[in-house]
J.: 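Pasting in a structure now, in structure tokens, and then I'll have a few things to ask.
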Amino acid sequence: ARGTSSDRSCRVSGAERNWSKAWRGMDAYRSAMVEHVRVRMVERYPSDHLDRLRHPFGDQWDQMLERVEDRHATGTVRRAAPDAYDLLDVAQFEQLFRQYFDVLATALPRKHRDRFCQRLVESALFRHACAHPLPKEDLSYESAIRGLDGARSLLLDLGLGRAADEVHG
């Protein structure tokens with residue numbers, strides 16, 4: 001039957017392809033969010049944007065830098081981050097948006113901050129699952145699409161329509 005779950009499964013066959021599609025989409029989401037944060041912070045705080053970027057994380061920022069340096073030393077990561085913004089993980093977006101909502105989410109009323117930040121957490125959890133899939137655990141087409149739709153809607157809320165289109169590839 002057209003439009004059924006089995007019909008959709010034929011278009012994206014196998015859990016591995018679902019994981020791969022989800023990972024690519026979430027990578028596009030992360031890249032768009034990092035660029036958005038970079039542009040907004042530099043525009044609003046040209047002289048101290050890096051200090052403000054680090055501020056919400058306190059000591060976590062230094063610990064993150066140490067982990068990145070360890071990964072470079074062991075060869076786990078070969079490419080150096082072009083700037084501090086590229087060190088951001090999707091799990092950190094919630095803290096940044098909570099601190100700088102009026103700067104980063106100018107298209108949204110402040111009353112939507114808590115719900116928007118909750119959706120950021122949900123996207124971070126989905127990306128974590130994509131980055132660390134459990135052995136022999138399937139990711140259904142529906143779950144992949146639901147996770148990608150969440151990330152896509154966050155980008156749309158920020159007025160990043162072109163980037164949102166890349167999430168579904």
Side-chain angles (χ1 to χ4, degrees), residues 3 5 8-9 11-12 15-46 48-57 60-61 64 68 77 79-133 138-169:
S5 175
R8 286 189 297 261
S9 296
R11 287 185 276 139
V12 180
E16 187 174 321
R17 288 187 63 192
N18 293 339
W19 283 116
S20 178
K21 180 177 179 61
W23 175 254
R24 282 192 314 274
M26 292 307 289
D27 192 48
Y29 162 75
R30 182 201 167 273
S31 295
M33 289 291 280
V34 167
E35 183 61 20
H36 176 75
V37 169
R38 178 187 291 116
V39 167
R40 294 295 172 132
M41 293 294 283
V42 170
E43 280 177 358
R44 181 70 182 268
Y45 308 110
D48 66 343
H49 62 96
L50 291 175
D51 290 334
R52 289 177 181 269
L53 174 68
R54 293 180 193 107
H55 175 74
F57 307 109
Q60 288 178 343
W61 188 265
M64 181 181 61
V68 168
V77 174
R79 181 181 73 89
D83 64 22
Y85 292 92
D86 284 300
L87 299 175
L88 292 172
D89 183 83
V90 293
Q92 295 166 321
F93 294 153
E94 186 265 343
Q95 286 173 277
L96 278 173
F97 275 81
R98 202 164 283 288
Q99 179 79 32
Y100 300 112
F101 188 81
D102 296 332
V103 173
L104 300 175
T106 56
L108 296 173
R110 186 148 179 78
K111 68 181 181 178
H112 294 294
R113 184 183 81 163
D114 289 341
R115 178 65 188 126
F116 186 85
C117 288
Q118 178 58 40
R119 291 169 49 218
L120 288 168
V121 170
E122 292 164 5
S123 283
L125 292 172
F126 180 70
R127 184 168 191 271
H128 181 77
C130 292
H132 309 284
D138 290 347
L139 178 66
S140 69
Y141 175 84
E142 290 80 7
S143 294
I145 294 301
R146 190 171 35 256
L148 293 174
D149 279 346
R152 185 174 185 276
S153 73
L154 287 164
L155 293 173
L156 288 172
D157 284 349
L158 296 173
L160 303 173
R162 191 170 280 158
D165 291 342
E166 291 181 28
V167 169
H168 276 288

J.: Using the test side-chain contact (heavy atoms from CB on, under 4.5 Å), find all partners of Arg162 that sit at least two apart in sequence or belong to another chain.
T.: none
J.: If you apply the rule side-chain contact (heavy atoms from CB on, under 4.5 Å), what do you find for Thr106 with Arg40, and how did you get there?
T.: CA-CA 10 Å; Thr106 56; Arg40 294 295 172 132; 2.8 Å; yes
J.: Provide the closest heavy-atom pair for Ala22 versus Leu148 in the form atom of the first, atom of the second, distance.
T.: O-CD2, 3.7 Å
J.: Between Asp102 and Ala105, is there a donor-acceptor pair closer than 3.5 Å when you use the side chain of the first and the backbone of the second?
T.: no
J.: By ring pair (Phe, Tyr, Trp, His ring centres under 6.0 Å), which residues pair with His55, not counting sequence neighbours?
T.: none
J.: Please test Arg30 against Phe93 for side-chain contact (heavy atoms from CB on, under 4.5 Å), starting from the C-alpha separation and ending with a verdict.
T.: CA-CA 9 Å; Arg30 182 201 167 273; Phe93 294 153; 4.2 Å; yes
J.: Indicate yes or no: at least one non-hydrogen side-chain atom of Met33 is less than 4.5 angstrom from one of Leu120.
T.: yes
J.: Tell me, please, which residues at least two apart from Arg119 pass salt bridge (charged side-chain N to carboxylate O under 4.0 Å, His left out).
T.: Asp157
J.: Sequence neighbours left out, what passes side chain to side chain donor-acceptor pair (under 3.5 Å) with Tyr85? Give chain and number order.
T.: His49
J.: Applying ring pair (Phe, Tyr, Trp, His ring centres under 6.0 Å), name anything that partners His36, two or more places apart in sequence or on another chain.
T.: none
J.: How would you list, by chain and number, every residue that makes a side chain to side chain donor-acceptor pair (under 3.5 Å) with Glu94, sequence neighbours excluded?
T.: Arg98
J.: Taking salt bridge (charged side-chain N to carboxylate O under 4.0 Å, His left out) as the definition, give me every residue that meets it alongside Arg52, ordered by chain and number, with sequence neighbours left out.
T.: Asp48
J.: Could you walk me through whether Leu154 and Ser123 pass the side-chain contact (heavy atoms from CB on, under 4.5 Å) check?
T.: CA-CA 9 Å; Leu154 287 164; Ser123 283; 3.3 Å; yes
J.: Can you name the side chain to side chain donor-acceptor pair (under 3.5 Å) partners of Glu35, sequence neighbours left out?
T.: Arg38
J.: Quick one: side-chain contact (heavy atoms from CB on, under 4.5 Å) partners of Ala32, sequence neighbours excluded?
T.: Leu155, Ala163
J.: Please walk me through it: do Tyr45 and Val103 pass side-chain contact (heavy atoms from CB on, under 4.5 Å)?
T.: CA-CA 10 Å; Tyr45 308 110; Val103 173; 3.4 Å; yes
J.: Mind listing the closest non-hydrogen atom pair of Pro56 and Leu53 along with its distance?
T.: CD-O, 3.3 Å
J.: Sequence neighbours left out, what passes side-chain contact (heavy atoms from CB on, under 4.5 Å) with Asp149? Give chain and number order.
T.: Ile145, His168
J.: If you measure from the Lys or Arg side-chain nitrogens to the Asp or Glu carboxylate oxygens, is any gap between Arg115 and Glu122 under 4.0 Å?
T.: yes
J.: Could you give the distance from CZ (Arg152) to OH (Tyr29), rounded to the nearest 0.5 Å?
T.: 14.0 Å
J.: Is there a side-chain contact between Arg127 and Asp89 in this structure, where contact means two heavy atoms from C-beta onward sitting under 4.5 Å apart?
T.: yes
J.: Are any side-chain N or O atoms of Asn18 and backbone N or O atoms of Ala144, one a donor and one an acceptor, separated by less than 3.5 Å?
T.: no
J.: Rounded to the nearest 0.5 Å, how far apart are CZ of Phe116 and CZ of Phe101?
T.: 6.5 Å
J.: Restricting to non-hydrogen atoms, name the atom on Ala151 and the atom on Val167 that form the minimum distance, rounded to 0.1 Å.
T.: CB-CG1, 4.4 Å
J.: Looking only at atom types and distance, does a side-chain atom of Ser31 sit under 3.5 Å from a main-chain N or O of Asp27, one as donor and one as acceptor?
T.: yes
J.: Mind listing the closest non-hydrogen atom pair of Met26 and Cys130 along with its distance?
T.: CG-SG, 4.4 Å
J.: Output yes when a side-chain donor or acceptor of Ser153 lies under 3.5 Å from a complementary backbone atom of Gly150, and no otherwise.
T.: yes
J.: Considering only heavy atoms from C-beta outward, does the side chain of Met64 approach that of Phe57 to under 4.5 Å?
T.: no
J.: Which residues satisfy the ring pair (Phe, Tyr, Trp, His ring centres under 6.0 Å) test with Phe126, sequence neighbours excluded?
T.: none
J.: Report the residues that fulfil side-chain contact (heavy atoms from CB on, under 4.5 Å) with Arg54, sequence neighbours left out, ordered by chain and then residue number.
T.: Leu50, Asp51, Trp61
J.: When rounded to the nearest 0.5 angstrom, what is the spacing between CG in Leu96 and CG in Leu88?
T.: 5.5 Å
